[in-house]
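These notes are about the structure you will find just below.
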Amino acid sequence: MSDEAAILHADLDAFYASVEQRDDPRLRARPVIVGGGVVLAASYEAKAYGVRTAMTGGQARRLCPQAAVVPPRMSVYAEASKAVFAVFRHTTPMVEGLSIDEAFLDVSGLRKISGRPVDIAGRLRREILEEVGLPITVGVARTKFLAKVASGVAKPDGLLLVPPDGELDFLHPLPVERLWGVGLVTAEKLRKRGITTVGEVARLPENVLVSMLGRASGRHLHALAHNRDPRPVRTGVRRRSMGAQRALGRRGRSPEELDTFMVGLIDRLGRRLRSANRVCRTVTLRLRFDDFTRATRSHTLPQATAETAVILAAARDLLCTALPMIEAQGITLIGITLGNLHNDSAVQLALPFDRATGPALDTAVDDVRDRFGSSAITRGVLLGRDPGISVPLLPD
């Protein structure tokens with residue numbers, strides 16, 4: 001790791017809601033909810049009332065009846081993201097995008113040109129506010145992990161530097177949920193043993209954490225609790241997975257409805273795969289239940305593919321095995337993730353070499369959509385149905 005705190009984690013504040021407040025002066029300093037059926041984003045004024053992303057619209061309005069509810073404008077958010085990333089890349093060529101509203105920046109070696117990292121971070125915040133009109137929080141530290149923690153602590157609209165000689169003093173009093181990889185389940189396991197802070201995790205021997213959480217999680221959390229994170233900021237890294245999800249609200253859903261939602265998700269993901277000239281091997285079904293617990297089911301294909309029909313068949317098998325669990329617990333979200341991604345040019349041909357009709361059909365459908373728009377052609381089961389919201393993403 002560097003001796004200097006020169007990694008920035010820049011994270012736009014309540015991105016969608018901030019864009020709406022920027023574009024409509026009547027919404028400024030007011031609670032704003034983006035999305036009616038399911039909350040896609042909430043301004044910090046709305047968050048103060050307990051409104052959270054992925055909450056149902058009805059629940060959000062009960063918590064904050066005075067909130068302004070606005071429909072999402074995904075194309076506007078995509079343009080705002082492009083403008084913000086242009087400022088990032090003007091600041092340093094070492095930019096690693098995490099999503100459309102956050103990135104790591106490595107500003108080491110720029111001291112003679114641009115000043116100290118904390119000064120660069122302050123200037124970055126001013127430029128984004130002046131040029132794009134959006135507030136952004138920046139954390140500055142020696143490691144990617146700690147820079148991200150710092151930005152989370154500094155939100156909203158803040159700047160926080162963690163000096164090298166004060167890293168553990170800053171990190172150890174924080175709750176265990178600040179560690180990457182600690183979700184509800186892991187946090188509950190730790191709290192049952194009286195472990196509530198990062199410092200308490202750090203004081204445990206690694207083998208004790210491994211016995212509690214498993215080898216991978218135990219070693220991972222032990223390293224982070226001591227701020228050991230040697231990962232550099234990497235540019236041009238292609239994503240290792242692609243995913244899409246659909247929030248379903250809290251009413252019951254039939255197996256036929258769930259299958260239709262899944263067809264829509266995989267239809268979208270298959271096109272993304274082929275547009276990026278990539279193939280996948282692992283299909284993962286992600287579910288969220290009425291009590292907000294989650295479950296995943298995955299299947300690895302014998303051969304990497306970008307064929308929609310092959311991916312859909314695997315996902316349907318996973319959904320079929322999960323139906324008893326869904327019927328018992330209810331469902332509020334269904335998602336699909338495609339993993340083990342590879343470039344399609346690196347795929348070894350399988351015997352026999354006869355080409356199926358699947359790739360030709362997918363290519364024809366992609367060509368029509370590229371020329372006439374995504375809604376020009378669709379699958380029969382999706383005809384007349386709400387396709388859901390297509391969230392803007394970083395390039396694949």
Look only at the side chain of H220 and the backbone of W180, and say whether a donor-acceptor pair between them is shorter than 3.5 Å. yes

Is any side-chain heavy atom of E4 closer than 4.5 Å to a side-chain heavy atom of P164? no

Ring geometry between F88 and F85 (parallel below 30°, tilted from 30 to 60°, perpendicular above 60°): perpendicular

Do the non-hydrogen side-chain atoms of T197 and P173 ever get within less than 4.5 Å of each other? no

Quick one: does NZ or CZ of K47 land under 6.0 Å from the six-membered ring centre of Y44, within 45 degrees of the ring axis? yes

Is the closest side-chain heavy-atom distance between M94 and L105 below 4.5 Å? no

Any link between V84 and I7 through a network of hydrophobic side chains (Ile, Leu, Val, Met, Phe, Trp, Tyr) touching at under 4.5 Å? no

For the side chain of E257 and the backbone of S254, is there at least one donor-acceptor N/O pair under 3.5 Å apart? yes

Nearest heavy-atom neighbours spanning L168 and A225: CD2-O, 4.1 Å

Where does the angle between the aromatic ring planes of Y16 and Y77 fall among parallel (under 30°), tilted (30 to 60°) and perpendicular (over 60°)? parallel

Can you tell whether the side chains of R30 and E45 come within less than 4.0 Å, N to carboxylate O? no

Treating Ile, Leu, Val, Met, Phe, Trp and Tyr as nodes and any side-chain heavy-atom pair under 4.5 angstrom as an edge, say whether V76 and I100 lie in one connected cluster. yes

Do other residues, nucleotides or ligands put more than 12 heavy atoms under 6.0 Å from the CZ atom of R22? yes

Treating R268 as the side-chain partner and G264 as the backbone partner, does any N or O pair qualify as donor plus acceptor under 3.5 Å? no

Min side-chain heavy-atom separation V198-L179 under 4.5 Å: yes

Give the minimum heavy-atom separation between A60 and V39, together with the two atoms involved. CB-CG2, 3.6 Å

Using modelled atom types and a 3.5 Å cut-off, is there a donor and acceptor pairing between side-chain atoms of R219 and backbone atoms of V210? no

May I have the step-by-step check of side-chain hydrogen bond (donor to acceptor under 3.5 Å, both in side chains) for R297 and T321, ending in yes or no? CA-CA 9 Å; R297 298 290 184 271; T321 61; 5.3 Å; no

Would you confirm whether E96, through its side chain, and F104, through its main-chain N or O, come within 3.5 Å as a donor-acceptor pair? no

Looking at R215, I want to see if its CZ is surrounded by more than 12 non-hydrogen atoms of other residues, nucleotides or ligands under 6.0 Å. no

Just checking, any donor-acceptor pair under 3.5 angstrom between side chains of T284 and T296? no

Quick one: does any side-chain atom of R253 pair with a main-chain N or O of L248 as donor and acceptor, under 3.5 Å? yes

Could you walk me through whether D362 and R271 pass salt bridge (charged side-chain N to carboxylate O under 4.0 Å, His left out), step by step? CA-CA 8 Å; D362 287 337; R271 185 182 179 195; over 6 Å; no

Closest contact, heavy atoms only, A10 versus I136: CB-CD1, 3.8 Å

Please assess R191 against E188 for the test salt bridge (charged side-chain N to carboxylate O under 4.0 Å, His left out), listing each intermediate value before the final yes or no. CA-CA 5 Å; R191 289 183 182 278; E188 184 62 23; over 6 Å; no

Any donor-acceptor N/O pair, S114 side chain to R111 backbone, under 3.5 Å: no

Would you say the side chains of T308 and R274 form a donor-acceptor pair under 3.5 Å? yes

With distance as the sole criterion, is a donor-acceptor pair present between the side chains of D13 and T137 under 3.5 Å? yes

With a 4.0 Å cut-off on N to O distance, would you call K148 and D11 a salt bridge? no

Which heavy atom of V153 sits nearest a heavy atom of F170, and at what distance? CG2-CZ, 3.9 Å

With heavy-atom distances below 4.5 Å as the criterion, would you say the side chains of V34 and E20 are in contact? yes

Indicate if L160 and I128 have the same hydrophobic cluster label, given that clusters are the connected sets of ILVMFWY residues with side-chain heavy-atom separations under 4.5 angstrom. no

Is there a path of hydrophobic side-chain contacts, each under 4.5 Å between heavy atoms of I, L, V, M, F, W or Y residues, that connects F261 with L333? no

With the side chain counted from C-beta on, respond yes when T91 and I120 share a heavy-atom pair under 4.5 Å apart, and no when they do not. yes

With no hydrogens and no angle check, is any side-chain donor or acceptor of S241 less than 3.5 Å from a backbone partner on G339? no

Check whether the side chains of H342 and R281 place a donor and an acceptor atom closer than 3.5 Å, and report yes or no. no

Is there side-chain contact between V19 and R73, with at least one heavy-atom pair below 4.5 Å? yes

Output all residues satisfying side chain to side chain contact (heavy atoms under 4.5 Å, CB included) with A315, sequence neighbours left out; order by chain, then residue number. M262, I266, V283, I336

Any luck finding a side-chain donor-acceptor pair between T332 and R288 under 3.5 Å? yes

Counting heavy atoms not belonging to L184, are there more than 12 under 6.0 Å from its CG? no

Do N227 and T143 have a side chain donor and acceptor closer than 3.5 Å? yes

Establish, from distance only, whether the side-chain atoms of T196 and E200 form a donor-acceptor pair under 3.5 Å. yes

If you apply the rule salt bridge (charged side-chain N to carboxylate O under 4.0 Å, His left out), what do you find for R125 with D157, and how did you get there? CA-CA 9 Å; R125 295 181 66 242; D157 195 18; 2.5 Å; yes

Output the distance between atom CD1 (I334) and atom CG (L265), rounded to the nearest 0.5 Å. 6.5 Å

Do M242 and L98 belong together in a cluster built from hydrophobic side chains that touch within less than 4.5 Å? no

Would you say the side-chain atoms of D106 pair up with the backbone N or O of V233, donor to acceptor, closer than 3.5 Å? no

Say whether, by atom type as modelled, one donor and one acceptor occur between the side chain of H222 and the main chain of P205 under 3.5 angstrom. no

Taking the side chain as C-beta and beyond, is there a heavy-atom pair between L129 and L134 under 4.5 Å? no

Taking all heavy atoms of A14 and all of S43, pick out the closest pair and write down the distance. CB-CA, 4.2 Å

